[in-house]
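Everything on this sheet refers to the single structure shown next.
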Amino acid sequence: MSIQPVDVLYTAVATAENGRDGRVATDDGKLDVIVNPPTEMGGAGNGTNPEQLFAAGYSACFQGALGVVARQAKADISGSRVTAKVGIGKIASGGFGLTVELAVSIPNVDEVTAKDLVEKAHQVCPYSNATRGNITVDLSVV
């Protein structure tokens with residue numbers, strides 16, 4: 001199932017030069033980073049890498065979605081944190097694939113409420129919606 005936006009509110013624009021061993025910058029200049037493969041993949045590891053950028057974006061977006069569902073539930077998520085771990089590896093059909101683990105800490109609510117909020121945020125988050133059915137995304141409340 002593809003998601004067809006009815007009203008696009010914002011479009012981010014970034015350009016990569018030299019792929020995984022080069023540079024990535026946004027059109028507004030707010031992000032301009034050197035990218036290198038990590039040492040675990042035979043690279044120099046001097047810059048960031050696409051998996052770190054994806055983890056940063058997903059964790060921030062999921063935290064935002066958590067805020068949306070928490071406001072609806074009138075739940076206190078102050079002090080909450082979302083940690084994203086993005087793994088990359090070879091897939092059986094050739095090429096590479098990703099895995100994601102999201103570890104969510106919500107100290108001011110009980111475990112049942114925290115799990116409910118995390119599940120609801122997973123339905124709201126644009127990154128979750130984009131990855132659903134494509135890659136494994138494991139959720140945990142810590």
Side-chain angles (χ1 to χ4, degrees), residues 1-73 75 77-142:
M1 172 179 102
S2 66
I3 298 171
Q4 300 298 321
V6 175
D7 185 19
V8 175
L9 301 174
Y10 170 74
T11 300
V13 179
T15 301
E17 298 172 2
N18 233 18
R20 295 181 69 88
D21 204 1
R23 176 177 164 259
V24 175
T26 56
D27 64 333
D28 62 7
K30 292 180 180 177
L31 178 73
D32 190 340
V33 295
I34 301 298
V35 290
N36 298 121
T39 55
E40 296 85 348
M41 294 178 66
N46 294 330
T48 189
N49 59 66
E51 293 70 39
Q52 288 175 325
L53 295 169
F54 189 75
Y58 203 157
S59 62
C61 190
F62 199 89
Q63 180 76 43
L66 186 62
V68 169
V69 299
R71 281 190 294 281
Q72 292 170 346
I77 64 160
S78 58
S80 64
R81 297 172 61 128
V82 177
T83 301
K85 294 181 181 180
V86 175
I88 183 171
K90 293 182 180 180
I91 56 176
S93 61
F96 292 84
L98 299 174
T99 63
V100 174
E101 295 176 30
L102 296 176
V104 184
S105 170
I106 312 172
N108 295 324
V109 299
D110 62 81
E111 187 175 350
V112 171
T113 301
K115 286 181 178 180
D116 183 57
L117 291 171
V118 167
E119 285 296 329
K120 287 178 179 173
H122 192 46
Q123 298 307 309
V124 172
C125 176
Y127 276 65
S128 293
N129 288 329
T131 59
R132 187 170 289 109
N134 297 310
I135 66 173
T136 300
V137 176
D138 290 323
L139 303 172
S140 65
V141 174
V142 294

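Computed from heavy atoms alone, side chains included, the values below leave out hydrogens, waters and symmetry copies. Along the sequence shown, residues are numbered consecutively beginning with 1. No experiment lies behind these values; they were computed from the predicted model shown.
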Nearest-0.5 Å distance, NE2 of residue His122 to OG1 of residue Thr131: 6.0 Å
Flag side-chain contact, heavy atom, 4.5 Å: Asp138 against Lys85: no
Smallest separation among heavy atoms of Arg23 and Val35, with atom names: N-CG2, 3.8 Å
Asn49 side, atom CG; Thr39 side, atom OG1 - distance, nearest 0.5 Å: 10.0 Å
Short N-O contact, Glu111 and Lys115, less than 4.0 angstrom: yes
For Arg20, salt bridge (charged side-chain N to carboxylate O under 4.0 Å, His left out) partners two or more places apart: Glu51
CD1 on Ile34 to CG on Asn46, rounded to 0.5 Å: 9.5 Å
Working for side chain to side chain contact (heavy atoms under 4.5 Å, CB included), residues Asp27 and Thr15: CA-CA 8 Å; Asp27 64 333; Thr15 301; over 6 Å; no
Point-to-point distance, once rounded to the nearest 0.5 Å, from CD1 of Ile106 to CG of Asp116: 9.5 Å
Check: Ala44 main-chain N/O paired with Asn36 side-chain donor or acceptor under 3.5 Å: no
Over all atoms of both residues, closest heavy-atom pair of Leu102 and Tyr58: CD1-CE2, 3.7 Å
Over 12 non-hydrogen atoms of neighbours within 6.0 angstrom of CZ in Arg81: no
Minimal non-hydrogen separation, Cys61 against Cys125, with atom names: SG-SG, 3.6 Å
